[in-house]
Amino acid sequence: MEQIVTNDRVRRSLILVIEDVEETRYGIERLLTVSGYQISTARDEQEAIQRASLDHPDLILISLGLDAESILLVARRMREHAGLGKEVPVVIFCVTSLGEGDEVAAGDNVYMTRPDNFDQLRALLSRLLRKLPRAD
């Protein structure tokens, strides 16, 4: 479980999950919650912008039924409209143009992945969240 220290308090990292299929969104939410993360969810770009503006997530996980280029545009617009900086990692999950198990850095702290299993995704999220600046 990744934790962020703020003013002598510890809180679990917050991941915003953007998934347009309700059953899949629920499954990802359950798996990440069991892994110790706080989760906020959205079903589309507009809802994601609202959630990100309110919740200020530590990481954004996007799984939408769009091609990779369209999802990259969603990520950029969302950061811009929600006022999020490039320090918030964005993981685009299950990109069909990638081979299973592949992970690609798309620039600006954006990553595309098609993990073989949940453990591989969890390892990527953990690695990216450890890179976040922490208060001492």
Side-chain angles (χ1 to χ4, degrees):
M1 168 175 62
E2 297 302 314
Q3 299 178 335
I4 297 178
V5 179
T6 56
N7 300 328
D8 298 326
R9 293 182 307 159
V10 176
R11 72 167 176 83
R12 296 180 299 156
S13 297
L14 175 64
I15 298 175
L16 172 58
V17 175
I18 307 160
E19 166 59 60
D20 49 358
V21 177
E22 183 176 351
E23 296 81 14
T24 305
R25 187 172 57 248
Y26 177 75
I28 293 169
E29 178 180 10
R30 293 291 304 144
L31 288 168
L32 292 174
T33 299
V34 167
S35 296
Y37 297 105
Q38 292 184 71
I39 306 301
S40 178
T41 62
R43 67 181 174 272
D44 58 31
E45 181 179 351
Q46 276 311 115
E47 189 176 356
I49 290 169
Q50 292 170 347
R51 298 298 324 162
S53 296
L54 292 171
D55 298 340
H56 308 286
D58 300 305
L59 185 141
I60 299 167
L61 179 63
I62 304 174
S63 175
L64 296 171
L66 302 170
D67 61 87
E69 285 185 37
S70 296
I71 296 174
L72 284 169
L73 290 173
V74 167
R76 288 186 184 114
R77 284 191 303 260
M78 195 178 72
R79 275 186 171 163
E80 178 184 335
H81 295 295
L84 300 176
K86 292 179 182 176
E87 69 277 0
V88 176
V90 175
V91 175
I92 300 170
F93 173 58
C94 286
V95 178
T96 57
S97 60
L98 297 177
E100 282 192 29
D102 286 349
E103 173 189 319
V104 175
D108 293 333
N109 210 10
V110 176
Y111 303 85
M112 295 187 293
T113 186
R114 187 174 176 196
D116 285 330
N117 56 53
F118 184 69
D119 288 337
Q120 190 178 9
L121 176 63
R122 187 173 30 212
L124 171 62
L125 300 179
S126 180
R127 188 180 76 228
L128 293 173
L129 287 166
R130 276 195 300 272
K131 290 181 180 181
L132 292 175
R134 296 172 190 248
D136 292 326

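- No side-chain donor-acceptor contact under 3.5 Å links R122 and S126.
- Checked against side chain to side chain contact (heavy atoms under 4.5 Å, CB included), A106 has the following partners two or more places apart in sequence or in another chain: L72, V110, M112.
- Here the closest heavy-atom approach between residue L16 and residue A52 is recorded as CD2-CB, 3.9 Å.
- For S70, the side chain to side chain donor-acceptor pair (under 3.5 Å) partners at least two apart in sequence or on another chain are D67.
- Between L125 atom CG and D58 atom CG the span is 11.5 Å, to the nearest 0.5 Å.
- Between atom CG of residue L84 and atom CG of residue N109 there is a gap of 11.5 Å, rounded to the nearest 0.5 Å.
- Distance check, rounded to the nearest 0.5 Å: CD1 of I49 to CG of L54 gives 12.0 Å.
- Sorted by first and then second residue, the salt bridge (charged side-chain N to carboxylate O under 4.0 Å, His left out) pairs with a member in residues 44-55 read R43-E47, E45-R77, R51-D55; sequence neighbours excluded.
- The shortest side-chain heavy-atom distance between V88 and M78 does not fall under the 4.5 Å cut-off.
- Here the straight-line distance linking atom CD1 of I39 with atom CG of L32 works out to 4.5 Å at 0.5 Å rounding.
- Looking at residues two or more places apart in sequence or on another chain, you find no side chain to side chain donor-acceptor pair (under 3.5 Å) involving N117.
- Put simply, OG on S40 and CG on L61 are 12.0 Å apart, with the number rounded to the nearest 0.5 Å.
- L31 has its side chain out of reach of L121: every pair of non-hydrogen atoms, C-beta onward, lies at least 4.5 Å apart.
- Distance CD1/I60 to CG/L14: 9.5 Å, rounded to 0.5 Å.
- R76 is linked by a salt bridge (Lys or Arg N to Asp or Glu O under 4.0 Å) to nothing, counting only residues two or more places apart in sequence or in another chain.
- Within 6.0 Å of CZ on F118 lie more than 12 heavy atoms contributed by other residues, nucleotides or ligands.
- The side-chain heavy atoms of L59 and S13, taken from C-beta on, include no pair separated by under 4.5 Å.
- Within the structure, the salt bridge (charged side-chain N to carboxylate O under 4.0 Å, His left out) test picks out no pair touching residues 15-38 (sequence neighbours left out).
- Listed here is the closest heavy atom pair of I71 and L64: CD1-O, 3.5 Å.
- Remark: side-chain polar atoms of D108 are not paired, donor with acceptor, to backbone N or O of K86 under 3.5 angstrom.
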